Amino acid sequence: MKIHNFNAGPSILPKEVVKKSAQSVINFNDTGLSVLEISHRSMDFLEIIEKTTFLIKRMMGLNEDYAVLFLQGGATLQFSMIPYNLMYKKAAYLDTGFWAYNAIKEAKKFGVVKVLFSGKNINYTSIEKDYHIPCNMDYFHCTSNNTIVGTQMKIFPKTSTPIVCDMSSDIFSRKLDFCQFSLIYASAQKNIGSAGMTIVIIKKEILGKNKKNIPSYMDYKIHIQNNSILNTPNVFSIYTSMLTLEWIENQGGLFVLEKKNQHKAKLLYNEIDKNSLFENKIHEENRSNMNVSFFLKNKDLEKEFNKIWKKENIVGLDGHRYLGGYRASIYNALPLESVQFLIEIMKEFERKFS
Ligand SMILES: *Cc1c(COP(=O)(O)O)cnc(C)c1O
């Protein structure tokens, strides 16, 4: 039975990745052991960490100035780990969505937060481009893709202030100049691998200026010194992430995936715009290529629409509990056919109910 998985996270993974992970749970690399049973200090696992780091850096074009960490606590822990390590006095933030707002809330516990733009009173439907980053900021924090409302930053500011970016829901979905960022973080469960691990990519020169006494697990420097095995990491999630990175390379890399993602998103937005029953509320320039949110203009039809897509083996289309409506998460691994299938369902629904 074909299932069309539009879940926002944990979300769809490439079929090959799921298959290979499943095999490795039974017998990892012909060791006779499960990947769940190997030591995180074994050669087998060190090879996984090394390979994953190598693939990330190659894909993003990052040199030895950058360190790659595999941490736990989700992107959520990064909301406080970032200011703990990088904030001396003040930092600038963009409030572009619910996750960005949460990041700001945590940062305020560590110092002064200057919010350069807030989309809160316009329900986060667009992202301001013209904001000024004052020169005395320790860093500038932004969220490249706002998973819940469905907006995406298409350009990033030119600034000498270190840019810190939450890429949880669009990492590895497009080609960017990744060297413009001083810190990138993303939890695995959206576009990378199984849940339970967060990738943090840091330009090492931004560390070490803070003389605060930071608890060990919260200290990036200590994780770098320990090659991400200060304590037991999420072995399985790192392994599934490595498999996904290999899959991305086999697909042709970030540029090829970006084109595919743009195509999928364009088809779906076109249908939403054309279809008389649905609407998308996001400013066109800021529409996300990863999370497409839409609403029925007539809420009374929701019951009918829900019945139909659920019957057709579409899953994960419900909007976030804060927003209602619908959200199709169309991450890297979601095949074009699933988008086309959803579009057919929407067309059929229009024929019946308009
Ligand atoms: C999902 C998400 C988070 C939270 O991730 P956790 O791993 O659950 O902590 C943070 N930021 C963005 C942009 C997200 O999409």
Side-chain angles (χ1 to χ4, degrees), residues 5-13 69-84 91 93-107 109 113 115 117-120 123-127 139-154 156 163-174 176 181 183-201 217-218 228 233-234 236-238 240-241 244 261 265 282 286-293 316 318-323 327-334:
N5 183 358
F6 292 94
N7 273 323
S11 44
I12 188 166
L13 289 169
L69 299 176
F70 305 97
L71 306 179
Q72 297 183 64
T76 301
L77 182 63
Q78 295 310 308
F79 295 164
S80 34
M81 213 160 150
I82 287 160
Y84 217 150
Y93 277 68
L94 291 188
D95 177 17
T96 55
F98 296 91
W99 293 116
Y101 183 77
N102 282 341
I104 290 168
K105 220 169 58 188
E106 291 304 312
K109 298 174 184 171
V113 174
V115 178
F117 159 75
S118 175
K120 203 165 196 271
N123 300 319
Y124 295 120
T125 47
S126 72
I127 300 173
Y139 61 89
F140 162 78
H141 180 281
C142 58
T143 311
S144 56
N145 188 74
N146 299 282
T147 325
I148 294 177
V149 73
T151 59
Q152 190 171 30
M153 287 178 79
K154 309 291 176 179
F156 296 88
I163 303 180
V164 172
C165 187
D166 178 357
M167 291 195 190
S168 288
S169 50
D170 71 349
I171 193 166
F172 306 135
S173 73
R174 58 177 168 171
L176 288 174
F181 303 100
L183 192 151
I184 294 167
Y185 64 104
S187 41
Q189 72 273 17
K190 277 137 191 170
N191 222 4
I192 317 175
S194 56
M197 184 271 285
T198 308
I199 292 178
V200 181
I201 300 159
Y217 195 87
M218 300 286 281
S228 293
N234 189 324
F236 187 64
S237 180
I238 297 171
T240 56
S241 302
T244 305
N261 289 330
I282 305 303
N286 300 120
R287 285 175 163 184
S288 166
N289 287 339
M290 292 281 101
N291 309 97
V292 178
S293 61
D318 287 308
H320 191 276
R321 61 199 146 89
Y322 291 161
L323 281 187
R327 172 178 51 172
S329 294
I330 53 174
Y331 298 121
N332 283 344
L334 184 91

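Note that ligands are numbered from 1 as they come in the structure, with each ligand's atoms numbered from 1 the same way. Note that this is a predicted model, so its numbers are computed, not measured. We number each residue from 1, following the sequence as shown.
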*Do me a favour and list the nearest non-hydrogen protein atom to atom 11 (N) of ligand 1 with residue, atom name and distance?*
Asp166 OD2, 2.6 Å

*Evaluate the side-chain proximity of Glu106 to Leu77: yes if any heavy-atom separation is below 4.5 Å, no if none is.*
no

*Pull out every atom of ligand 1 sitting under 4.0 Å from any heavy atom of Lys190, numbered as shown with elements.*
1 (C), 2 (C), 3 (C), 14 (C), 15 (O)

*Would you check the N or O atoms of Ala75, main chain and side chain alike, for any that come under 3.5 Å of an N or O of ligand 1?*
yes

*May I ask you to list the atoms of ligand 1 that are less than 4.0 angstrom from any heavy atom of Gly74?*
7 (O), 9 (O)

*Identify the protein heavy atom lying closest to atom 9 (O) of ligand 1, giving its residue, its atom name and the separation to 0.1 Å.*
Thr76 OG1, 2.5 Å

*For Phe79, take its heavy atoms, then give the atoms of ligand 1 lying under 4.0 Å from any of them.*
10 (C)

*Please state which part of Thr147 comes within less than 4.0 Å of ligand 1, counting heavy atoms only: side chain, backbone, both or neither.*
side chain

*asked:* Minimum heavy-atom separation for Leu334 and Ile12, please, with both atom names.
replied: N-CG2, 3.8 Å

_Whether the Asn291 and Ser329 side chains hold a donor-acceptor pair (N or O, under 3.5 Å, no angle test) is what I'd like checked._
yes

*Classify the contact between Asn145 and ligand 1 as side chain, backbone, both or neither, using a heavy-atom distance cut-off of under 4.0 Å.*
backbone

*Taking the six-membered ring for Trp, are Tyr93 and His141 parallel (under 30°), tilted (30 to 60°) or perpendicular (over 60°)?*
parallel

*Can Thr125 and Asn123 be counted as having a side-chain donor-acceptor contact under 3.5 angstrom?*
no

*Kindly identify the option in Ala103, Ala8, Ser187, Gly196 whose heavy atom sits closest to atom 5 (O) of ligand 1.*
Ser187

*Using a heavy-atom cut-off of under 4.0 Å, does the side chain or the backbone of Tyr185 touch ligand 1, or both, or neither?*
neither

*asked:* Test your reading of the model: is there a side-chain donor-acceptor pair from Thr143 to the backbone of Asp166, 3.5 Å cut-off?
replied: no

*asked:* Side chains of Thr151 and Asn286: any donor to acceptor distance under 3.5 Å?
replied: no

*asked:* For atom 8 (O) of ligand 1, what is the closest protein heavy atom, and at what distance to 0.1 Å?
replied: Gln189 NE2, 3.5 Å

*May I ask you to check whether Tyr124 and Asp95 show a side-chain donor-acceptor distance below 3.5 Å?*
yes

*Check ligand 1 against Thr143 and write out every atom of the ligand that is under 4.0 Å from a heavy-atom position of the residue.*
13 (C)

